Amino acid sequence: MNHYNTIQLKRRVNLAMVTRFLSKVWERPFIGRTPNNSILRPYLFTQVPSRAFDVASEPIGILHDWFTSEIPKQTRVVICGGGVVGCSVAYHLAVYHNWKEVVLLEQGRLGGGTTWHGAGLLGQIKPTTIETKMCQYSIGLYKDLENRGLSTGWKGCGSLLLARTKDRMISFQRLAASAEAMNIECELLTPQGAAKISPIISTEDLEGGLWIPGDGVGDPYKCCLTLATEAKNLGVKVIEGCFVQRVLTDDHHQVKGVETNLGVISCDYFVNSGGWWARHIGKLSQPKVKVPLYPCEHHFLHTLPVKDIDLQMPVIRDYDGHFYIRENQGRYLAGGFEPISKPLDLKELPGSFKPLTEDWDQFYVLLEQMLFRIPSLAEVEVDRLCNGPESFTPDCKWIMGEAPEVKNYFVASGMKSIGIEAAGGIGKLTSDWIVSGEPATDIWDLDIRRFIGLHNNLMFLKARMREVPGMHYRLKYPFSEFETGRCLRMSPIYPRLKVAGAFFSQNMGYEKPAYFDLDTGASADTLESDRIAHTHTFHKPPWFNNVWSEYTACRERVGLLDYSSFTKLELWSPGCEVVSLLQYLCSNDVDIPIGCITHTGMQNKWGGYENDCSLVRLGGKTCNYMLIGPTDQQMRCQTWIKRHLPVDSPVVVADVTSMYTAICVMGPRARDLMTELTDSSMTSRDFPFFTCKIMDIGLASGIKVMNLTHTGELGWVLYIPNEYALHVYDLLVDVGAKYEIKHVGYYAMRTLRIEKFYAFWGKDMDTTTTPLECGRGFRVKFDKGDFMGKEALLKQKNEGVKRRYIQLVLEDHDIHNDVWPWGGEPIYLGDKCIGLTTTTGYGFTMGKQVCLGFIQNLDSSGNPQIVTNDYILKNTFHVVIGGKFFPAKANIHSPALSFIEYGYDSAYMATSGRGIPDCFSKISISSLVKTGRGSTSYFLTISARYSV
């Protein structure tokens, strides 16, 4: 029998005594070190003989004799990890798909890892829609099991979220609006209202709260055993004391078996649900699977029984105090996420799960806030402080999905201490994905393909982990940025941009200029942390005037943007194999002449966007394309393409993202500027839109120059071999001075494309969005032959589109005083929520807030009907921002904005490349209004007949 050591109090002490002692310790002068438990332990603790923890229902060292110990020779699915997530995957495969040839392996005892010591909180409202839906599903699953007499520990006590600041209260208002749109009952509270829900709290410093009555708590260990038992009853084999030594793959990097300490199992699928061991398990295959996780210490405070405790007290989450507290069997159970966490030294971690040594100094940050918010805790006696490793990802989101390195290898880990909340939804989606071959819903926020190699770097992970756990309760402002793990991927012109005053955002580890400060530049030795583009407000942002100035340069003169972070792939083959491959994967016709560019979607079998990209056909002896895609697509896109390569295909796919510096020059003076830098003609006749030329720029050669901008402005993107980047950049800036060239960041680019009504993948479009829903039907060439998603798109075209992408221009919004829209706001028609915004921004030419988003036409029963143009144009919609309803005028086409005539071709539309796209059957000017934002700025309104 394996038992674990713990630390027991010498004498009973209450939390006030512990806090007073710690506060004295912290007041001591320490030279070169911080206080630690070695100071505290002689006063409060003594080592006691080994005994089993009693957090869970049973000692965790004993193996269950009612699970099998025989290992099969062959099965369909092997699941590694017997925590609540792994058990959920097994349960869903057996119950919902009748897959009984499933083996669940656990190296120790089922539920003996982090599942065993979890707090059991079950909340519904999460940062992303997919996480919210999955948590809702989990709660529904546990309630159903409990109603069937199966033990899960479910108790519907509700959650009380507390706010100490006005900005936190605004975030609650945003949460409440989103929750209502997803049919989650919640109520905004005053401080007094919060105290009525939970009388034990102090209202000092409170701004208000949010009450979510449908939340509750459960027992992770009981859930784990129940799910495993139900799966076992249907034929799933559960084997304890069995650990994976190797994941076996074939020559095509596909799972073929698992080697364990008990023998080899042949299988078709492997699921890595190993918790904080998942990263290590990823190394056991060939090729290795990168699972970017890192464990941090996570504490749980258990008190002795409390007299007259409210057994139905809600879970209290004081976000600004970084802690939560709940009732647990007549006691308090509390924990939290301190702002600066304590990553573990992986060299000191045991091979199997064991509690870590408690750290009262680390926990003091939370304890102090608990006593402030709940004064009666001071007299509550302490039982123990548990400390265990919890794994977190670099972006504080879960990891799931098929690994890019190995086919049929699935990962379901990184639950960041809330595995019980995630387990139901993760198990359902993972099992569906295994059976169907693709996820039936968009999971991009959680997809393992959102990471690249640098995210799995151990030193990067350890550095990032100091701030990741604290993100749980940190106030989530717009465009949230990390402080750690910065300045890793930078274009060669990064130092120049920094000196020019750039403030940077980070995407896929790449530093991208978000905006440039108008008044202050930066020297080469300026601290990097001083140049991070934070937006610590929900109102008018501090960079508003900076972005306005950059926007104006792109509309009236010329702007310079760094596009280097965009995904860049090259594909080639000795014959026409690459053309055939891309014709099947893309919905547009990509069999174009050399030197031409086409914009296309890569659809899945449901017609949704797996990628949205530009393809450039290059010359040479081989058939050669260059693919330009969103930054987020660097891993996802090449994985998607490679997974659809025929066996022994000669097509080569190469990631060349880091080989080129991409600089975009856009604006009405861009042609004049480019003409001075090259001996090639830049006229629209000699260099048409949506074409590419290999050119000399200044003294540099071999520059791929593409006539497109991704924002609708006149301009070119220069793909420059890195060794020439500084020369070309300096030349552009020096010569561009006569045209008043200005550095421009991504915030201005975002505003430009929002006004032009351009959808971006990962921001607006996802794997559930079809071209017909977002007005891109003209790019789908149904007559070119078979392609992925064709059948689904033809069906949607024939049956009618029941979800449409629209542009909403807000009325009566005061940009100086009202809360701004930042994306995710509910869209209402009457009293019905019919959609959500995706991307939002202030339109400087329109002079109004502009929101992009999707809407439905719901009947009285809530069933979606066909969305017609009349439905969009003849109704008045409302966008809910911070609890306030704003009327909005809807557009179904891109408004024609004013421009300055500098040899500009008025037929140019960057999303088409061949003049006005065929979705517009008739266009006429209806009004031309001066905006007052400059002597040359006008707002042009057009009328159009639009066909999907």
Side-chain angles (χ1 to χ4, degrees), residues 125-132 163 165-182 210 319 395 397 445 471 474-482 503 505-507 512 514-515 532-548 551 745-755 757-760 762-766 805-810 812-828 833 835-844 846 848-854 877-886 888:
I125 303 178
K126 299 300 169 190
T128 63
T129 300
I130 183 62
E131 289 174 289
T132 298
T165 66
K166 294 186 185 301
D167 276 0
R168 180 71 73 178
M169 205 60 206
I170 291 173
S171 76
F172 283 0
Q173 291 166 351
R174 289 171 53 84
L175 280 176
S178 299
E180 187 175 347
M182 298 183 70
L210 181 64
Y319 286 150
D395 59 1
K397 296 175 184 176
D445 287 310
M471 288 185 64
R474 185 184 306 161
L475 189 52
K476 293 174 178 62
Y477 284 112
F479 309 138
S480 177
E481 291 287 334
F482 287 101
F503 281 77
S505 63
Q506 189 187 63
N507 191 3
K512 309 192 308 182
Y515 66 93
I532 295 176
H534 291 299
T535 304
H536 290 154
T537 182
F538 293 105
H539 288 83
K540 180 181 175 182
W543 39 258
F544 178 84
N545 289 332
N546 307 63
V547 172
W548 188 353
Y551 169 95
Y746 276 77
Y747 290 174
M749 175 194 179
R750 182 172 171 272
T751 299
L752 288 163
R753 68 99 173 169
I754 289 172
E755 276 195 327
F757 197 9
Y758 286 6
F760 272 24
K763 310 298 182 186
D764 308 290
M765 300 180 295
D766 58 35
Y805 185 59
I806 64 170
Q807 182 188 68
L808 293 163
V809 182
L810 301 191
D812 304 329
H813 185 277
D814 184 341
I815 66 167
H816 303 290
N817 298 305
D818 287 325
V819 176
W820 276 37
W822 294 103
E825 289 81 14
I827 304 169
Y828 274 79
C833 177
L836 296 172
T837 65
T838 53
T839 312
T840 63
Y842 184 76
F844 292 103
M846 292 181 173
K848 296 178 184 293
Q849 293 281 5
V850 183
C851 302
L852 307 181
F854 288 88
F877 301 94
H878 287 82
V879 178
V880 183
I881 307 170
K884 186 176 179 181
F885 283 68
F886 291 91

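All values reported here derive from a predicted model rather than from experimental measurement.
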Proximity of F503 and W543 rings by center, below 6.0 Å: no
Are any of the side-chain heavy atoms of [X] and [Y] separated by less than 4.5 Å?
X    : Y    : answer
C833 : I827 : no
P542 : Y515 : no
L810 : K848 : no
T839 : R750 : yes
Q849 : F886 : no
E825 : V880 : no
H813 : I881 : yes

If you take all heavy atoms of [X] and [Y], which pair is closest and at what distance?
X    : Y    : result
I125 : A179 : CD1-CB, 3.7 Å
G823 : T840 : N-OG1, 3.5 Å
G841 : I754 : N-CD1, 3.8 Å
D818 : K884 : OD1-NZ, 3.3 Å
P826 : L836 : CA-CD2, 3.6 Å

Could you tell me whether a side-chain N or O of [X] sits under 3.5 Å from a main-chain N or O of [Y], the two making a donor and an acceptor?
X    : Y    : answer
E755 : M846 : yes
T837 : G853 : no
Q807 : V850 : no

Results of ring-ring contact (aromatic ring centres under 6.0 Å, His included) for F885 - residues two or more places apart only: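 If we apply the ring-ring contact (aromatic ring centres under 6.0 Å, His included) test to F885, skipping adjacent residues, the hits are Y828.
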Under the ring-ring contact (aromatic ring centres under 6.0 Å, His included) rule, collect the residues that match up with H536, sequence neighbours excluded. Y477, H534
Test of understanding: with side-chain contact (heavy atoms from CB on, under 4.5 Å), list the residues that count as partners of [X], not counting sequence neighbours.
X    : answer
K540 : F544, H816, W820
T838 : D764, Y805, L852, F854
N545 : W548

CE of M471 to OG of S480: how many Å apart, nearest 0.5 Å?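 So the gap between those two atoms works out to 4.5 Å.
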Assess the residue pair Y747 and Y551 against the criterion (side chain to side chain contact (heavy atoms under 4.5 Å, CB included)); give the C-alpha distance rounded to whole Å, side-chain angles, the decisive distance to 0.1 Å, and a yes or no. CA-CA 9 Å; Y747 290 174; Y551 169 95; over 6 Å; no
Report the residues that fulfil side-chain hydrogen bond (donor to acceptor under 3.5 Å, both in side chains) with K476, sequence neighbours left out, ordered by chain and then residue number.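 Result, side-chain hydrogen bond (donor to acceptor under 3.5 Å, both in side chains) vs K476: none returned.
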Begin with the C-alpha distance, continue with both residues' side-chain angles, and end with the deciding distance and a verdict on side chain to side chain contact (heavy atoms under 4.5 Å, CB included) for M749 and K512. CA-CA 12 Å; M749 175 194 179; K512 309 192 308 182; over 6 Å; no
Could you check T129 against M182 for side chain to side chain contact (heavy atoms under 4.5 Å, CB included), going step by step and ending with a plain yes or no? CA-CA 9 Å; T129 300; M182 298 183 70; 3.9 Å; yes
What verdict does the side chain to side chain contact (heavy atoms under 4.5 Å, CB included) test give for T751 and Y842, after you've listed the backbone C-alpha separation in whole Å, the side-chain angles of each residue and the deciding distance to 0.1 Å? CA-CA 7 Å; T751 299; Y842 184 76; 5.8 Å; no
Should we count CD of E481 as having more than 12 external heavy atoms under 6.0 Å?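 Yes.
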Can you classify the ring geometry of Y319 versus F172 as parallel (below 30°), tilted (30 to 60°) or perpendicular (above 60°)? perpendicular
